[in-house]
Amino acid sequence: TWIGEGSPASLYIRALVKPRPDLIYAGGAFTTIGGASAKYLAQWNGVGWSELGGGTNGYVNALALDGNKLYVGGEFTQVGGGTPAKYIAMWDGVYWNALGQGLDGYVRALAVDGSGNLYAAGEFNYAGSLFVGHIARWDGSQWHALGSGLCCSKYVETLTFDGDGRLYVGGYFGYAGDLRVNGVAMWNGLEWSALGSGMNDGVGSLVVDANGYLYAGG
């Protein structure tokens, strides 16, 4: 049975996270949700919807949680009604925080590892002044590249981890580092690996089951 949470959003919702039973965060292309004004980012408190932290000035494509930290990625350049944040920011429950100098293009996927490192992927090539090639790691104070990144791509669409902390990446790209991977690859913390011969088109979604098997759709 589906249970509706208030009236519909004005346009699509692209990301949802639920930090606790009485709280849901939603991001997307909407400017109203449940009858409330909310610029692309909202929260549901079990009773009604409201804008979160002043919202953003552009679409939200991805959300990720690390304890009380909410990471937000998308197509915005400001959060909270005027705070500069190039395509990615962190809400600590009270204030917005920029992640260094941000990124130079849209964010499409976010994931946090077991050590609290944030991974961001999308249409960007630089994190601040560092070349990263569509994917980067934020350690809480600075950005890091994953090898030479992903090449010859339109964008990265999805990220997921397995139980051993390996990162799987899917999207519209041909190479990971100097390896031909065709839309899907694995990063073990040190280097990229291909997954067989990859796919013949883009990967839009990845998930790892309890046995460590990776499933891909696209």
Side-chain angles (χ1 to χ4, degrees), residues 14-15 17 27 56 58-67 69-79 83-92 96-162 164-179 181-195 202-206 208:
R14 182 160 281 177
V17 292
T56 70
Y59 293 175
V60 171
N61 295 331
L63 301 172
L65 287 169
D66 179 24
K69 299 175 183 177
L70 175 68
Y71 292 101
V72 181
E75 304 178 22
F76 53 84
T77 56
Q78 294 181 354
V79 293
T83 301
K86 293 179 65 178
Y87 309 112
I88 192 164
M90 186 269 285
W91 172 252
D92 65 11
W96 283 105
N97 300 266
L99 276 61
Q101 298 176 23
L103 307 166
D104 74 335
Y106 297 165
V107 172
R108 286 181 171 266
L110 296 171
V112 177
D113 69 15
S115 299
N117 294 289
L118 173 72
Y119 292 78
E123 301 178 38
F124 55 88
N125 274 304
Y126 284 84
S129 60
L130 177 68
F131 180 81
V132 293
H134 301 286
I135 188 166
R137 176 174 64 89
W138 174 256
D139 67 4
S141 60
Q142 61 182 335
W143 289 104
H144 302 269
L146 278 62
S148 56
L150 304 164
C151 174
C152 316
S153 64
K154 291 183 281 186
Y155 49 81
V156 179
E157 187 75 23
T158 180
L159 302 171
T160 195
F161 289 97
D162 67 15
D164 294 319
R166 291 177 292 240
L167 177 66
Y168 295 91
V169 183
Y172 293 82
F173 52 88
Y175 289 84
D178 59 358
L179 293 176
V181 294
N182 295 323
V184 63
M186 186 268 286
W187 173 257
N188 67 3
L190 297 173
E191 61 185 0
W192 290 104
S193 297
L195 278 64
V203 173
S205 185
L206 295 171
V208 178

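FYI, the numbering just counts along the sequence from 1. Just so it is clear, the values below take in all heavy atoms, side chains as well, and ignore hydrogens, waters and symmetry mates. No experiment lies behind these values; they were computed from the predicted model shown.
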Quick check: closest heavy atoms across [X] and [Y], and the distance to 0.1 Å?
X: Ala64; Y: Val112; result: CB-CG2, 4.0 Å
X: Ala194; Y: Leu179; result: N-CD1, 4.0 Å
X: Leu110; Y: Val72; result: CD1-C, 3.9 Å

Return the set of residues passing salt bridge (Lys or Arg N to Asp or Glu O under 4.0 Å) with [X] (not counting sequence neighbours), or none when no residue passes.
X: Arg166; value: Asp162, Asp164
X: Glu123; value: Arg108
X: Asp92; value: none

To the nearest 0.5 Å, tell me how far [X] [atom1] sits from [Y] [atom2].
X: Ser115; Y: Asp139; atom1: OG; atom2: CG; value: 11.0 Å
X: Leu103; Y: Tyr106; atom1: CG; atom2: OH; value: 13.0 Å
X: His134; Y: Cys151; atom1: NE2; atom2: SG; value: 7.5 Å
X: Thr77; Y: Tyr87; atom1: OG1; atom2: OH; value: 6.5 Å
X: Leu195; Y: Asn182; atom1: CG; atom2: CG; value: 11.0 Å
X: Leu206; Y: Thr160; atom1: CG; atom2: OG1; value: 6.5 Å

Would you call [X] and [Y] a side-chain contact if the rule is heavy atoms closer than 4.5 Å?
X: Leu70; Y: Leu63; value: yes
X: Glu75; Y: Asn61; value: yes
X: Leu118; Y: Asp66; value: no
X: Leu167; Y: Val169; value: yes
X: Leu99; Y: Trp143; value: yes
X: Tyr71; Y: Ile88; value: no
X: Tyr119; Y: Leu146; value: yes

Exercise for the section: Mind running side-chain contact (heavy atoms from CB on, under 4.5 Å) on Phe173 and Val156 for me, showing each step along the way? Expected result: CA-CA 7 Å; Phe173 52 88; Val156 179; 4.2 Å; yes
Would you list the atom pairs, donor with acceptor, under 3.5 Å between side chains in residues 124-133 and any protein atom, with sequence neighbours excluded?
none

Practice task
Could you note down all residue pairs passing side-chain hydrogen bond (donor to acceptor under 3.5 Å, both in side chains) where residues 186-195 supplies at least one of them, sequence neighbours left out?
Solution key: none
Practice task
For Ala111, check side chain to side chain contact (heavy atoms under 4.5 Å, CB included) against everything at least two apart and list the hits.
Solution key: Leu159, Phe161
